[in-house]
Structure formats: C-alpha cells, structure tokens
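Just below is one structure, and these are the notes that go with it.
Chain A is the first sequence line, chain B the second, and so forth, proteins listed ahead of strands; every chain is numbered from 1. The structure presented is a predicted model; accordingly, all values stated were derived computationally and were not measured.
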Amino acid sequence: MSNPVLENIKTRRVVREMTDEQVSEEHLEIILEAGRWSPTGSNHLPNRFLVVQDAELIELIRRVSPGIYSNAPTYIFVCVDRRNFPTYIDEEADDPVFLMDVGQAAQTMALAAHSLGLASGPVTSFNVPALRKILNLPDRFTPWIVLCLGHAQPNPQFVMKPGKRRYWQDLVYRERFVPWREFEGG
Amino acid sequence: MAEEKKFLTEDQVVELTALFLSCSLLLLREPALYGPLRQLTAAERLAAMVYDDVSPEVRTLLDVALERIPVSHTVTGQRDRYKAIVVELNEALGDCLAARAGLTTGGGA
C-alpha cells in the first residue's frame, strides 16, 4: 500500500549531523504551523514555540545543553506557558498531560520537517535555569524539548549502531497481557 | 611534572564550566549512563581546546580521545562496545601518564 503519511512516519530518523544551510523561512513556517495543529489535552493549547536561528545565541545554548550534539542551524524550543494550563494540571506534580502535548508537538513538527526533506533531532538535555537567562524566559514559560532542525549531512561521520530490531508485533499485545510473548530484553 | 602552562582562554573556561555545571543539574534526572557520556563529552571538548598547545606525549592521548569519543557516542546502547572504547581511552591515559613520568609500558614485553 502506498501511503505518503505512513511512508513519512517510517522513514523519519533522528539526525545529528547537519550542513550549515539554514532552514528557509517558508519551510520554518510550515513546520511551526504543523506544530500548532498537534493535539493538546482538552484543546488548551499550552505549547509555545521559541525559534532560535541567531548563531551567537545557538552557541550559548549549546554550552548549557550537553545533549545537543547536533550542529543544526535552527532550534525550536517547545515550551509550556503555565498561563494556558487548565486548573487541574499541576506542572510541579509532573502531570503527564502537558508533557504529552509537548511530545506530540515535537513529533508532528519532526514529521513535517521530514516531509519537506529536512532533518531534525529532539533533545531534552538542556539547562533550564541557564536558558531562562539566555533566552529571557519568564518563570511561567518552561522549555521542555528542543527540536534541532536543518539539512542532513549527506555522508554522516558518526551513525548510531543499530540495536536488535523490534517489529511492531514485538511490542503489541492483544486483549490481555501474555508473559510468553515478552520480547527478549523487556 | 612538566612545566606549568596556561592553555585555556577565558572563553574556554566559561564553556567548560557551563558544561560541568549544566551536567551537575541535568544528571539529577537523566539516566545513569548519561553520567560517563557527559564526562566523555567534557574530555573531548577539553582535548579539542588544548590540542595545538600540548606536548607530543599528551597529544598522543588527545588523538585517541578526539578519534574515539565521538564513536563512543554512537554505541551508548551497547554496553560491551561502549565499555571497550572507554577502556581503550583509559589505556591511552595510562600510556600518557607513564610517558610523562619516563616509565616504560607494555608489560615488559
């Protein structure tokens, strides 16, 4: 079956090595609009997107972001603005609802980027207190994930060694859990 | 000990300090494996910063670090391969320390 949406999902990869070529404004706006269309709990739209393309700012961000190995020229921070929380969500209590919103937005934008021939890689390992200062973020505004965007290096130097492939059948149970179906390694 | 030198610029000091401090915060919630991974990243950045200014003995160590640490990042999910690279790096460290102290290595072979 030829289905471009499914094909896009299956062929997207996390990319760390990118070229210096900047993401065009046209593509950036398409990706951000896709992020806006991602679903949020109760449609409260708590996500806010902070785009950084300034090279000096990116250098500062990288210094306090040990998880960013990518040399991407564009960062999109998916943030949550607490002003948009419904009263039943408590960020301090690690309520998972807004994290699902953030994750869905990041994945939606990653797929949109891939459909445009762009590369992306998500990172959560960054220093929020330091980023608050660098990016002038108010306390109510928390970055949870950054999507690094750019053009993939045609011949990457360092590629993650593939582990044992898991097929969807390895991950799925039907109706009830059955121990003998457990995939090796859990 | 070799002659004391100053290798780092103020900006590099800030960069390394930022990395160490950021890791000290992030490792409170990150997987345990990230600890050694972040330390390797710090070692790699330090090696790149001082590479042109060090002695041949130290450069031999830095060559290994700059070549193998990026590879280590690609096998973090494979403990045996990851460990083999870290052991290799530490053997190079031992060689460097011994060379600087004028000691022979190689098990007397």
How about A/S125 and B/E30: do any of their side-chain heavy atoms sit closer than 4.5 Å?
yes
Heavy-atom count check: over 12 atoms from other residues, nucleotides or ligands less than 6.0 Å from B/R29 CZ?
yes
Is there a path of hydrophobic side-chain contacts, each under 4.5 Å between heavy atoms of I/L/V/M/F/W/Y residues, joining A/V78 to A/Y75?
no
Would a hydrophobic clustering, with Ile, Leu, Val, Met, Phe, Trp and Tyr connected at side-chain separations under 4.5 Å, put A/L147 with A/F126?
no
Between OG of B/S24 and CG of A/N127, what distance do you get to the nearest 0.5 Å?
8.0 Å
Given heavy-atom pairs under 4.5 angstrom as the criterion, report whether the side chain, backbone, both or neither of B/L19 touches chain A.
both
Heavy atoms under 4.5 Å from chain B: which residues of residues 46-73 of chain A carry them?
A/E59, A/R62, A/R63, A/V64, A/P66, A/G67, A/Y69
Shared hydrophobic cluster, B/L27 / B/F20 (ILVMFWY, side-chain heavy atoms < 4.5 Å):
no
side-chain hydrogen bond (donor to acceptor under 3.5 Å, both in side chains) contacts touching residues 105-121 of chain A (sequence neighbours left out)
A/T11-A/H114
Above 12 or not: heavy atoms from other molecules or residues under 6.0 Å from CD of A/E33?
no
Determine whether more than 12 heavy atoms belonging to other residues, nucleotides or ligands lie under 6.0 Å from atom CZ of A/F141.
yes
